[in-house]
Amino acid sequence: MYHAGVNTTIETLDDLARDIAALGQRHPSFARVAAATGLPPLRRWEGGFPGIARIVTGQQISRDAAAAIRGRLEALVPGLDPAAFAATDPAAQAAAGLSRPKVATLREIAGRIARGTLDPEALVGAPIETVRATLVALPGVGPWTADVYALFCLGHADAFAAGDLALREAARTAFGLPGRPSIAALEAMALAWSPWRGAAARLLWAWYALDRDREGV
């Protein structure tokens with residue numbers, strides 16, 4: 001969703017602070033969340049194939065497990081160069097800890113980038129709708145992966161991962177909802193937070209972490 005005159009990327013903590021301030025002015029509930037959490041981490045990651053590989057590797061596993069697998073993959077394919085990754089023995093990639101579906105997904109994406117049929121650089125500065133449509137068309141890539149790539153690899157200021165369980169739970173507790181919202185319900189709710197949905201997501205993740213600390217989890 002394009003908004004004239006509005007910051008379209010979050011590149012620095014100053015960008016994030018500005019978007020949080022604007023979001024809080026429009027939606028006071030977020031001002032209350034921000035007062036409790038403070039400024040959340042920026043969380044910017046390398047884009048392109050290394051960024052996609054990072055996110056796919058981390059699907060449905062713990063952060064520690066994902067980091068360990070990522071370290072083994074980077075040792076196997078330095079820099080996670082897509083052409084080199086596509087040429088690497090898939091058995092070695094599986095031995096690094098990737099599941100068979102993740103091996104297939106990453107090999108296909110690496111091959112498309114190496115052949116020039118997929119250009120991650122073309123997504124830089126693109127509308128969130130274009131980013132999502134391009135990425136979810138890839139095998140093994142769903143809306144959550146696309147949204148997280150837009151948030152942290154592209155720094156898209158209006159991306160929001162409504163499919164993230166932590167965001168759904170954070171919305172429940174932060175806004176006093178009677179139950180955890182569905183993906184569709186949270187996505188609809190987040191429309192009102194545009195063009196600062198990237199700041200909203202970071203604040204809700206920070207709120208979720210704060211809640212876990214309060215509960216001693």
Side-chain angles (χ1 to χ4, degrees), residues 1-12 15-16 19 42-60 66-67 69-90 92-94 96-164 187 190 194-199 201-202:
M1 190 179 299
Y2 176 74
H3 296 260
V6 174
N7 184 43
T8 58
T9 58
I10 296 174
E11 302 289 350
T12 67
D15 293 337
L16 179 56
D19 280 12
L42 183 62
R43 294 177 72 179
R44 283 300 310 274
W45 304 335
E46 181 181 1
F49 182 70
I52 294 172
R54 176 182 185 136
I55 297 165
V56 170
T57 297
Q59 290 171 344
Q60 299 181 325
I69 295 170
R70 192 165 64 248
R72 292 193 289 269
L73 286 177
E74 289 172 348
L76 181 67
V77 184
L80 290 180
D81 175 76
F85 190 94
T88 301
D89 183 357
Q93 294 163 347
L98 288 177
S99 66
R100 186 174 300 175
K102 289 180 181 180
V103 168
T105 291
L106 290 179
R107 289 181 65 82
E108 176 63 24
I109 294 172
R112 292 189 189 192
I113 295 173
R115 293 190 299 272
T117 57
L118 172 65
D119 179 12
E121 288 300 310
L123 299 178
V124 177
I128 187 59
E129 295 82 5
T130 300
V131 174
R132 288 189 100 206
T134 300
L135 292 179
V136 299
L138 299 172
V141 174
W144 180 87
T145 299
D147 290 334
V148 170
Y149 184 87
L151 277 161
F152 301 131
C153 297
L154 298 178
H156 203 298
D158 203 29
F160 188 86
D164 189 87
E187 202 159 50
S194 181
W196 308 291
R197 286 179 287 187
R202 287 171 170 84

Hey, could you give me the CZ/OG1 distance between Arg100 and Thr105, rounded to the nearest 0.5 Å? 13.0 Å

Of the non-hydrogen atoms in Ile109 and Pro139, which two are nearest, and what is the gap between them? CD1-O, 4.5 Å

When every non-hydrogen atom of Val136 is compared with those of Ala146, the smallest separation belongs to CG1-CB, 4.0 Å

In a check of side chain to side chain contact (heavy atoms under 4.5 Å, CB included) between Ile10 and each of His156, Arg202, Arg43, which one passes? Arg202

Which atoms form the tightest heavy-atom contact between Ala159 and Ile128, and what is the distance? CB-CD1, 3.7 Å

So salt bridge (Lys or Arg N to Asp or Glu O under 4.0 Å) across residues 146-156, not counting sequence neighbours, yields Arg132-Asp147

Take Ile55 and Cys153, measure what side chain to side chain contact (heavy atoms under 4.5 Å, CB included) needs, and give me the verdict at the end. CA-CA 10 Å; Ile55 297 165; Cys153 297; 4.1 Å; yes

With side chains defined as the heavy atoms from C-beta onward, is the minimum distance between Leu118 and Phe49 less than 4.5 Å? no

If you look at every heavy atom in Phe85 and Gln93, which pair is closest and at what distance? O-NE2, 2.8 Å

Say you draw a straight line from CG of Leu76 to CG of Leu73; how long is it, rounded to the nearest 0.5 Å? 6.5 Å

Glu108: partners by side-chain hydrogen bond (donor to acceptor under 3.5 Å, both in side chains), with sequence neighbours left out: Arg112

Whether Tyr149 side chain and Gly47 backbone form a donor-acceptor pair below 3.5 Å: no

Could you tell me which residues satisfy salt bridge (charged side-chain N to carboxylate O under 4.0 Å, His left out) with Arg107, sequence neighbours excluded, listed by chain and number? none

Could you check whether any side-chain heavy atom of Asp158 comes within less than 4.5 Å of a side-chain heavy atom of Thr8, counting everything from C-beta outward? no

Who pairs with Thr145 by side-chain hydrogen bond (donor to acceptor under 3.5 Å, both in side chains), at least two apart in sequence or on another chain? Gln59

For Pro82 versus Ala110, what's the shortest heavy-atom pair and its separation? O-CB, 3.4 Å

Any non-hydrogen side-chain atom of Leu106 less than 4.5 Å from a side-chain atom of Thr57? yes

What distance do Leu135 atom CG and Leu154 atom CG have between them, rounded to the nearest 0.5 Å? 7.5 Å

Quick note, salt bridge (Lys or Arg N to Asp or Glu O under 4.0 Å) partners involving residues 133-143, not counting sequence neighbours, are none

Gap separating the CD atom of Glu46 from the CD1 atom of Ile52, nearest 0.5 angstrom: 11.0 Å

Residues in side-chain hydrogen bond (donor to acceptor under 3.5 Å, both in side chains) with Asp164, at least two apart? Trp144, Trp205

In terms of heavy-atom contacts, Val103 and Ala94 come closest through CG2-N, 3.9 Å

So, does Asp19 use its side chain to make a donor-acceptor pair with the main chain of Leu16 at under 3.5 Å? no

